[in-house]
Amino acid sequence: MVFFPLAPEVLSKIDLDSTLYSGQSFRWRSTEQGHCGVLGDDVLRINLIGGGVDLQSAPSDPEYVFPRLASYLRLDDDLTAIQNEIDVDSRIHWAIDSYRGLRLLRQDPWECLVAFICSATSNIPRISRTMEAIAGAYGSPIDFGSERRYTFPGPERLIDVSERAFRELGMGFRARYLVSAVEMVHQKFDLMRMREYSYEETYPLLLQFPGVGEKIADCTMLFSLEKLRAFPIDRWVHRAISEWYPEVSSFSYRDLQNWAFDYFGSYAGYAQMYLFHARRTLGHINASAFAK
DNA sequence: TCCTCTCCTTGCTT
DNA sequence: AAAGCAAGGAGAG
């Protein structure tokens with residue numbers, strides 16, 4: 001265990017409970033010893049304490065892992081500035097103010113794409129279970145104290161896996177989508193390179209994947225490909241919009257995307273996170289309650 | 001081009 | 001306990 005100090009203004013903007021378990025990432029587990037997850041080839045256990053973070057990791061040392069964790073948590077984002085930029089009305093203000101430490105994550109694009117292919121008409125506990133099943137079946141084991149976790153398998157490890165085998169892991173109708181995604185990424189799609197592409201360039205590439213429509217493309221871009229203007233609209237965000245922004249509630253998906261970019265700006269994706277989390281955890285609040 | 005409807009799996013919740 | 005619901009997408013009409 002190694003302690004890494006963090007500046008108070010950074011620390012006050014990190015809420016691991018809302019960040020790690022809010023439906024952007026699916027392989028963190030909350031234990032009595034801390035938050036346990038897998039980053040690349042390493043298992044991590046992290047605890048936020050006064051003044052910084054305690055980090056355990058294996059097989060790599062915490063000194064090597066910490067910069068990766070910092071990148072994963074997007075500590076390079078100036079969250080205060082971003083929150084100020086998207087804080088354009090009393091409704092989003094209330095959502096932001098409820099979760100000042102809720103952050104976007106910078107995830108691995110492949111794992112993120114697979115997770116959101118799994119997410120179609122599913123729910124967070126089940127997505128977690130499926131992702132863990134894929135890792136358990138095809139990843140590499142890493143022993144960490146008394147527990148064993150698994151790396152998430154890259155496409156090269158899944159290239160010979162059948163649709164039937166994926167179905168047996170509980171993927172349902174999404175199994176054939178994963179078979180296609182494995183082939184496409186293995187053969188020609190360089191997901192990591194899409195980090196350098198623009199939002200407009202990346203969108204049509206992701207839409208070529210069977211089982212990936214606008215929403216899942218937006219999730220992949222926002223959570224792993226550095227497209228912070230991406231504004232995924234799922235049932236919860238749609239609910240939040242229809243209740244809190246009735247003036248645009250009848251817009252199509254594409255029109256809502258454009259509206260969100262115009263309205264919230266280039267960090268619209270952060271606004272989406274706050275709206276999603278607020279609507280999901282705090283429930284319906286009538287727009288009149290925002291009168292300030 | 002764009003909307004609407006149905007189907008696709010499964011497990012957790014009420 | 002049967003029905004509803006869950007970070008949707010594809011295809012038909």
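Here the structure is a predicted model, which is why all the values come from computation and not from measurement. Naming: A, B, ... by sequence-line order, numbering from 1 per chain.
- Remark: the backbone N or O of A:Leu225 is paired with a side-chain donor or acceptor of A:Lys227 at under 3.5 angstrom.
- Judged by distance alone, the side chain of A:Arg126 and the main-chain N or O of A:Gly170 form a donor-acceptor pair under 3.5 Å.
- Taken to the nearest 0.5 Å, the CD1 atom of A:Ile117 stands 6.0 Å off from the CG atom of A:Leu178.
- In this structure, A:Trp94 has its ring center at least 6.0 angstrom away from the ring center of A:Tyr274.
- Among the heavy atoms of the strands lying under 4.0 Å from A:Ile124 are primed sugar atoms or P, OP1, OP2 only; no base atom is included.
- Taking the six-membered ring where tryptophan is involved, the planes of A:Phe4 and A:Phe66 are essentially parallel, since the angle between them stays under 30° and well short of 60°.
- Taking the nucleotide of DNA chain C with the nearest heavy atom to each of A:Pro210 and A:Lys215, the more 5' of the two is matched to A:Lys215.
- Nearer the 5' end of DNA chain C, as judged by each residue's closest nucleotide, is the contact made by A:Arg280, out of A:Arg280 and A:Phe209.
- In this structure, the side chains of A:Glu147 and A:Cys36 come closer than 4.5 Å at one or more pairs of heavy atoms.
- Using N1 to N3 plus N6-O4 or O6-N4 for Watson-Crick, or N1-O2 and O6-N3 for G-U wobble, each under 3.5 Å, C:dA7 pairs with nothing.
- Counting any heavy atom pair closer than 4.0 Å across all strands shown, A:Phe223 reaches a base atom.
- Between C:dG4 and B:dT6, the two P atoms lie 15 Å apart (nearest whole Å).
- Searching all strands for a Watson-Crick or G-U wobble partner of B:dT1 with both distances below 3.5 Å returns nothing.
- Checking side-chain atoms of A:Gln56 against main-chain N and O of A:Val2 turns up no donor-acceptor pair under 3.5 Å.
- Atom name P, nucleotides C:dA7 and B:dC3: the rounded distance is 25 Å, in whole Å.
- With a 4.5 Å cut-off on side-chain heavy atoms, A:Val65 and A:Asp61 do not count as touching.
- Taking the 5' to 3' direction, DNA chain C first and last meets chain A under 4.0 angstrom from a heavy atom at C:dA6 to C:dA10.
- At whole-Å resolution of the value, OH in A:Tyr177 and P in B:dC7 are 15 Å apart.
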Summary of protein contacts for nucleotides 9-14 of chain B, nucleotide by nucleotide, where a base hit scores B, a sugar-phosphate-only hit scores S (4.0 Å, heavy atoms): BBB---
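- A 3.5 Å limit on both hydrogen-bonding distances identifies no Watson-Crick or G-U partner for B:dT9.
- For A:Tyr270 and A:Phe264, the ring centers are positioned 6.0 Å apart or more.
- Residue A:Gly211 is in sugar-phosphate contact alone, with no base atom involved, counting any heavy-atom pair closer than 4.0 Å across all strands shown.
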